[in-house]
Amino acid sequence: MAPPTKDRDLPYHLIHTHLLPRLPYKTLNRFKCVSKSFNSLITADAQFAADQVCSAHASSGCFVYMSNCRLSFFPDPAFVGVPDPSLGFLNPSSTVKLVTSTNGLLLLCGKFNGEKSICVCNPATREAAFVSNNGREKSYRSEMGLVYDPQQSPHRFIIVELLLHNYGYGLQYRFDVFLSDTSEWNRSRQTVCIDGSIVAASKPVCANGVIYWSCSKCLMWYDTEADLAGSITLPVIEGKVVEGQTHTGIYDGDVVYCRTWDDGIEVWRLTGGSRWDRLHGASWDSMIGAFDFCHGMWLRGKSQSEMFFKRWLPQPVGFDGRFVYFKVVNLKCRDKRERVFGWDCDKGRVEDKGEVTGGWCPDNVFNYVNSMARVPPILSAIS
């Protein structure tokens, strides 16, 4: 067969910005052998790495969590294809904890090469940078957030760690900030007080250079560029905060908030950093038929939705623009195996995504997209 003529060739910008960035890791890796220009594009082009992250519907986009000391992915692990999910290239010498994920980079805590440290790594390229304890009089905890923007600042990452103090009737937070381009920790002047809270902030996620933490009835935030901080009340229904199971994540560059409670499931989007817009919502009554294990759940005086929620405790674990993923476990059964289901927001149907492997917690599930971004090196400050 004759090679394609120039008239039939795809434009370079179309390949660069629309086709290759959307490919899963294993397929993309094969294209490195096509030519030197393709190899350079995939492995060393910062703009290409940014295009991968900005492709919200990329095939390699998914969710990541740590299970049995390995990285695990859903809904389709085969598309992700991380070459070493056991993280052997980091030489861990203790249990490694996944703290957060931002634009293709993971923030991990543990002992690496025998030293307790923080690790920022790209599991797709197997590159890493380590931030040692350096005698700091505190242990790294799961409240750290990671800022990395391959489009605006491809040569720098920022780590923000919370300092927690009890005060009066709530909790007070301050912020320690690490910059990779200076290798220095600095204390922010900002302080945030969460009144009435007894649950520490958790589940850090990052959008547009701002880190958000879940704090029971609100989201606390810290803007790394402006050195500003505050809190945002979570969405309310009929003037009150609905109790239930929640998930905070990132979709298409914005914070999304998913909630399940006895009436149903809903998805909200944080617009402009201050306004919640409701994207989707449905009752359990419209979904129960899709669950084979839920038949016969009628009880006098209670609705099917209420019985479903109390028996199976559906917990949201992610939103990818089409599906809201949630895990279920029968609280009244000795068999505590967990399964993940996806509610198709557009078609209103539920799909079984399979059984969960290993122990995991929804608070430790994060958005992930394969990216060939280089991990920024840690540089010493210039005196």
- Query: Short question: side chain of Asp227, backbone of Ser188 - any donor-acceptor pair under 3.5 Å?
  - Reply: no

Value for CG (Leu98) from CG (Leu87), rounded to nearest 0.5 Å, stands at 9.0 Å

Original post:
Any side-chain heavy atom of Glu184 sitting closer than 4.5 Å to one from Leu179?
Top reply: no

Rounded to the nearest 0.5 angstrom, the CD-OG distance for Glu143 and Ser202 is 8.0 Å

Side chains of Glu351 and Pro75: does their closest heavy-atom pair fall under 4.5 Å?
no

Residues passing the side chain to side chain contact (heavy atoms under 4.5 Å, CB included) test with Ser86, sequence neighbours excluded, are Arg70, Asp84

* Asked: Do Trp268 and Leu234 come within less than 4.5 Å of each other through their side chains, counting heavy atoms only?
  -> no

In this structure, CD of Glu127 is separated from CE of Met372 (nearest 0.5 Å) by 9.0 Å

For Pro204 and Gly145 the tightest heavy-atom approach is CB-CA, 3.9 Å

**Study point:** side-chain contact (heavy atoms from CB on, under 4.5 Å) between Thr100 and Cys206, intermediate numbers included
**Key:** CA-CA 9 Å; Thr100 191; Cys206 178; over 6 Å; no

Residues Asn122 and Ala373: closest non-hydrogen pair is ND2-O, 2.8 Å

Expected output: side-chain Gln315 to main-chain Gln245 donor-acceptor under 3.5 Å:
no

CH2 of Trp276 to OG1 of Thr233, rounded to nearest 0.5 Å, is 10.0 Å

Shortest non-hydrogen pair, Cys215 vs Met220, comes out as SG-CB, 3.8 Å

Exercise for review: Please answer whether the main-chain N or O of Trp261 pairs with a side-chain N or O of Trp284 as donor and acceptor at a distance below 3.5 Å.
Suggested key: yes

Report yes or no: is the cationic atom of Lys353 (NZ for Lys, CZ for Arg) under 6.0 Å from the centre of the six-membered ring of Phe323, at an angle within 45° of the ring normal? yes

| query | Taking side chain as C-beta onward, heavy atoms only, is Lys217 less than 4.5 Å from Ile194? | reply | no

With sequence neighbours left out, the residues meeting salt bridge (Lys or Arg N to Asp or Glu O under 4.0 Å) with Arg30 are none

For the backbone of Tyr368 and the side chain of Ser101, can you confirm whether one donor and one acceptor N or O come within less than 3.5 Å of each other? no

| field | Side chain proximity check, Phe112 to Val96, heavy atoms < 4.5 angstrom | value | yes

With sequence neighbours left out, the residues meeting side-chain hydrogen bond (donor to acceptor under 3.5 Å, both in side chains) with Tyr325 are Asp320

Distance col, row Met66:CE vs Thr95:OG1, nearest 0.5 angstrom, shows 9.5 Å

Tightest non-hydrogen contact, residues Phe319 and Cys345, listed as CE1-SG, 3.9 Å

* Counting only heavy atoms not in Arg374, do more than 12 fall under 6.0 Å of its CZ? -> no

Notebook entry, point to check: How about Val147 and Ile211: do any of their side-chain heavy atoms sit closer than 4.5 Å?
Noted result: yes

For Cys121 and Ala128, the nearest pair of non-hydrogen atoms, with its separation, is CB-CB, 3.8 Å

Under 3.5 Å donor-acceptor, Thr260 side chain and Pro314 backbone = yes

By side chain to side chain contact (heavy atoms under 4.5 Å, CB included), Ala207 pairs with (sequence neighbours left out) Tyr212, Ile250, Val255

Check: Are any non-hydrogen side-chain atoms of Arg187 and Leu163 less than 4.5 angstrom apart?
Finding: yes

Sorted by chain and number, sequence neighbours left out, side chain to side chain contact (heavy atoms under 4.5 Å, CB included) with Cys193 holds for Tyr167, Gln172, Thr191

Heavy-atom closest pair (Leu171 atom, Leu164 atom, distance to 0.1 Å) is CB-CD1, 3.8 Å

Could you check whether the rings of Phe341 and Phe326 sit parallel, tilted or perpendicular, using 30° and 60° as the cut-offs? parallel

_Checking Leu228 against Gln190 for the side-chain contact (heavy atoms from CB on, under 4.5 Å) test, could you report, in this order, the C-alpha distance in whole Å, the side-chain angles of both residues, the deciding distance, and whether it holds?_
CA-CA 6 Å; Leu228 295 174; Gln190 297 296 316; 4.2 Å; yes

One should read off an interatomic distance between Leu105 CG and Leu146 CG, to the nearest 0.5 angstrom, of 6.0 Å

**Asked** Could you go step by step and tell me if Phe130 and Glu115 meet the side-chain contact (heavy atoms from CB on, under 4.5 Å) rule?
**Response** CA-CA 10 Å; Phe130 298 92; Glu115 182 180 359; over 6 Å; no

Would you check if Leu107 and Thr102 make a side-chain contact, meaning some heavy-atom pair closer than 4.5 Å? no

- Item | Stepwise side-chain contact (heavy atoms from CB on, under 4.5 Å) test for Ser231 and Leu219 | CA-CA 5 Å; Ser231 62; Leu219 285 185; over 6 Å; no

Under 3.5 Å, sequence neighbours excluded: what are the donor-acceptor pairs made by side chains of residues 149-156?
{"unit_1": "Asp149", "atom_1": "OD1", "unit_2": "Gln151", "atom_2": "N", "d": "2.9"}
{"unit_1": "Asp149", "atom_1": "OD1", "unit_2": "Gln152", "atom_2": "N", "d": "3.1"}
{"unit_1": "Arg156", "atom_1": "NH2", "unit_2": "Glu225", "atom_2": "OE2", "d": "2.7"}

Assign the ring pair Tyr222 / Phe175 to parallel, tilted or perpendicular, where the plane angle (0 to 90°) is split at 30° and 60°. parallel

